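When reading the values below, keep in mind they use all heavy atoms of this one structure, side chains included, and skip hydrogens, waters and symmetry mates. Worth saying up front: this structure is predicted, and the values here are computed from it rather than measured.
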Amino acid sequence: DRSDDGRYLLFDKGDPATQGDVWVMTLDRPVAARPLVATRYNEGQGRLSPDGTALAFVSDESGRREVYLDSFPEPQTKIPVSVGGGTMPEWRPDGRELYYLGPDRMLMAVPVGGKGSAIRAAGPRAVVGSLPVPETLIEQLLTLVDMPRPAWLREGITFRDSFAEL
């Protein structure tokens, strides 16, 4: 993921000691890449908020993949966002909501407020009612809520493949 101002690039990087991690590179100093979220658990799928003050990412520290929020550029306040599992976070263009897919393929939305260490999130709600989102409709749904296409759609990765990797 690249920040809207073009200053930062987030990417996933594997490490034998810490498994998968979220790294950040400052694009005006590309040799200065550093781990942003690196624990003994798998972290990945980092997404920056449109204003560049918050980070959404997925971690399996709870025993299943969940979506979390934290401040950016220095993580300070990790907040769990998903309930019962979640993956593929994406921000609404105005940064006031975060979308993700629940483990049952439900497209979920979470209102987000505050900035930096004061970031907060409300409880998640299903965007599409109580029906799971079929793989073929995910791109159409993201278009309806005016969201950019997630990386797994842009790169031709299948829905099932995206759940198999972190």
Please find the pair of heavy atoms, one from [X] and one from [Y], that lie closest to each other, and give the distance.
| X | Y | result |
| --- | --- | --- |
| Pro111 | Gly123 | CD-O, 3.9 Å |
| Thr87 | Gln45 | OG1-OE1, 2.8 Å |
| Ser62 | Tyr68 | CB-OH, 4.1 Å |
| Ser117 | Gln76 | CB-OE1, 3.0 Å |
| Ala109 | Glu97 | CB-OE2, 3.6 Å |
| Trp91 | Ala56 | NE1-CB, 3.9 Å |

Are the side chain of [X] and the backbone of [Y] linked by a donor-acceptor contact shorter than 3.5 Å?
| X | Y | answer |
| --- | --- | --- |
| Asp60 | Gly63 | no |
| Asp12 | Gly44 | no |
| Asp70 | Pro75 | no |
| Gln19 | Tyr41 | no |

Self-check item: Separation of Leu101 CG from Met106 CE (nearest 0.5 Å)
Solution: 10.0 Å
Practice problem: Nearest 0.5 Å please: distance from the OG atom of Ser71 over to the NZ atom of Lys115. | Solution: 13.0 Å
Self-check item: Heavy-atom side-chain proximity of Leu10 to Leu55 below 4.5 angstrom
Solution: yes
Quiz prompt | Heavy-atom side-chain contact between Val127 and Tyr99 under 4.5 Å | solution = yes
Quiz item: Charged N to carboxylate O below 4.0 Å: is that the case for Asp28 and Arg7?
Solution: no
Quiz prompt | Residues Glu66 and Lys78 bridged, charged N to O under 4.0 Å | solution = no
Quiz prompt | Derivation and outcome, side chain to side chain contact (heavy atoms under 4.5 Å, CB included), residues Thr77 and Leu69 | solution = CA-CA 8 Å; Thr77 315; Leu69 280 179; over 6 Å; no
Hydrophobic clustering (ILVMFWY, side-chain heavy atoms < 4.5 Å, transitive) - are [Y] and [X] grouped together?
| X | Y | result |
| --- | --- | --- |
| Met25 | Leu36 | no |
| Leu27 | Phe11 | yes |
| Met88 | Leu107 | yes |
| Leu98 | Leu48 | no |
| Val67 | Phe57 | no |

Quiz item: More than 12 heavy atoms of other residues, nucleotides or ligands under 6.0 Å from CZ of Arg34: is that the case?
Solution: yes
Self-check item: Derivation of the side chain to side chain contact (heavy atoms under 4.5 Å, CB included) call for Tyr100 and Met108
Solution: CA-CA 5 Å; Tyr100 69 91; Met108 306 297 289; 3.5 Å; yes
Practice problem: Give the C-alpha distance, both sets of side-chain angles, the deciding distance and a yes or no for side chain to side chain contact (heavy atoms under 4.5 Å, CB included) between Leu9 and Thr26. | Solution: CA-CA 7 Å; Leu9 177 68; Thr26 305; over 6 Å; no
Exercise. Just do the side chain to side chain contact (heavy atoms under 4.5 Å, CB included) check on Ile119 and Val112 with the steps written out, would you?
Key: CA-CA 7 Å; Ile119 194 165; Val112 177; 3.9 Å; yes
Practice problem: State whether a side-chain donor-acceptor pair under 3.5 Å links Thr39 with Glu61. | Solution: no
Practice problem: Take the angle between the ring planes of Tyr8 and Phe72 and call it parallel below 30°, perpendicular above 60°, tilted in between. | Solution: perpendicular
